[in-house]
Trainee: 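Just dropping this structure here.
All values below were derived from every heavy atom in this structure, side-chain atoms included, with hydrogens, water molecules and symmetry-related copies excluded. Letters A, B, ... mirror the listed sequences (proteins, then strands); counts begin at 1. Quick caveat: nothing in here was measured; it's all calculated off a predicted structure.
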Amino acid sequence: MPELPEVETTIRGLAGFLEGETIARARVNRPDLRRPFPPDLVQVLTGAKVTHLSRRAKYGLIHLDRQQAMIFHLGMSGRWRIDPEEIGKHDHLVLETGAGHVLALNDARRFGSVDLVDEAALDQFAPFAAIGPEPLGPDLTPQHLKRAFAGKITAVKVALLDQRLVAGLGNIYVCEALHRAGIRPDKPAGAVSLPKLKLLVPAIRDVLNESIAAGGSSMRDYAKPDGELGYFATSWRVYGREGQPCHCGGTVERFVQGGRSTFWCRKCQK
DNA sequence: GCTTACACCTGAACGC
DNA sequence: TGCGTTCAGGTGTAAG
C-alpha cells in the first residue's frame, strides 16, 4: 500500500475536491472489497456534505454532515482516481460531487476496505481500538518503544510492523528507518537499547515526513489522486536495492522476515 | 499471551 | 506469442 505517507498524500489530494462539497451521486460496482461494502453506503453518501477529511494510521476518513464518517483503507493496491476518462473494471466505488468531479476508488487486488462509522463511535471502530500511537504525533517516544518492545523476542523489524505498537508503519518505511538508525532488522525488539531507540524515533519521523513532502512513493500500483506519481522512491536507501552499494561502502542485502522482504546493510546496521 | 504461517486477489515481470 | 511461476505496499485469523 500505500503506506502512511501515501494515505496522507491521498487525503490532501482528495480534500481539494471533497471538503465542503456535496456528494451528488454514489455507486458501488461490486458488493465488496476485502469485506462487503456497508449495505447503506450509497444511501448515506448520496446527498451528504463532506465536512473535512482526516487520517488515522493508514486509514483515510471522509467526515460527513450526518454524524458519520466513511473510513477507507487502500490495502495493497488501492488509490483514488480523480475525473478518470472512463470507469475501469477496478473502480469499485464511484462518487460524483456537486461540482461535477468524479472520484473513483480503484483497487485491483481488493485488499482495501470501506466502512461507515458513527462519529461518536470512532474510537470503538475495531481497527482503531487497539492501535498504537501515530508515528508523527507526540506519543511516539523512545520510552514508548522501550515499553512496547520489553520482553519481545520478535525481530524489531517485525515488531515495528505491528500496528498495536506503532500505527501506520509499513514494510518500506520500516526498512528505511532501521537503516537510518543503524539497527539490525533481525535484532530482537526487546534487545534494542534506549540510545538506539532515541535514534529510531527521529529516523521514523524523518523518513515519513520526507516521503510526504515528496508526495509519497511511486510503487507500481500507487499514484497520487491527481494521477501523478510520488517521487520518494528515488530516495530509498535500502528498499528494493539488493546488491547495490550502501552509502557506507557496504552492500544492501535482502532476506525474508515474516514472509516480507527486508532490505538492510550489515556494515552500518548493528 | 506470544509468535508464526497463511489466506485473501490481481497484475506485472520474468523465464522458458 | 503464450504459458507458468514468482512477487508485491497489509491485515486478520488460525495454529502451534
Trainee: Going by salt bridge (charged side-chain N to carboxylate O under 4.0 Å, His left out), Glu8(A) matches just one of Arg55(A), Lys58(A), Arg56(A). Which one?
Mentor: Arg55(A)

Trainee: Answer yes when Arg266(A) and Glu253(A) have at least one side-chain N-carboxylate O distance shorter than 4.0 Å, and no when they do not.
Mentor: yes

Trainee: Can you check the distance between dC7(C) and dA5(B), where both ends of the measurement are the P atom (answer in whole Å)?
Mentor: 16 Å

Trainee: Please list each protein N or O that sits under 3.5 Å from an N or O in nucleotides 1-3 of chain B, with the distance.
Mentor:
from, atom 1, to, atom 2, distance (Å)
dT3(B), OP1, Ile153(A), N, 3.2
dT3(B), OP1, Thr154(A), OG1, 3.2
dT3(B), OP2, Lys152(A), NZ, 3.1
dT3(B), OP2, Thr154(A), OG1, 3.3
dT3(B), O5', Thr154(A), OG1, 3.1

Trainee: How is Arg35(A) classified with respect to the nucleic acid when contacts are heavy atoms under 4.0 Å: base, sugar-phosphate, or nothing?
Mentor: nothing

Trainee: Could you state the CG-P distance from Leu33(A) to dG12(C), rounded to the nearest angstrom?
Mentor: 14 Å

Trainee: Using only side-chain N and O atoms of Ser261(A), determine if any of them is under 4.0 Å from OP1 or OP2 of dA8(C).
Mentor: yes

Trainee: Below 4.0 angstrom from OP1 or OP2 of dT11(C), is there any side-chain N or O of His73(A)?
Mentor: yes

Trainee: Does atom NZ of Lys146(A) have more than 12 heavy-atom neighbours from other groups under 6.0 Å away?
Mentor: yes

Trainee: Please determine whether a side-chain nitrogen or oxygen atom of His90(A) lies at a distance below 4.0 Å from atom OP1 or OP2 of dG11(B).
Mentor: yes

Trainee: So, is Lys89(A) close to the dC9(B) phosphate, meaning a side-chain N or O under 4.0 Å from OP1 or OP2?
Mentor: no

Trainee: Establish, with yes or no, whether the OP1 or OP2 oxygen of dT11(C) is under 4.0 angstrom from a side-chain nitrogen or oxygen of Arg110(A).
Mentor: no

Trainee: Quick test: give all pairs of protein nitrogen or oxygen and nucleotides 6-8 of chain B nitrogen or oxygen below 3.5 Å, distance rounded to 0.1 Å.
Mentor:
from, atom 1, to, atom 2, distance (Å)
dC8(B), O2, Arg34(A), NH1, 3.3

Trainee: Please list every stem that involves DNA chain C, where a stem is a run of 3 or more consecutive Watson-Crick or G-U wobble pairs with both pairing distances under 3.5 Å.
Mentor: B:2-8 with C:10-16, B:10-16 with C:2-8

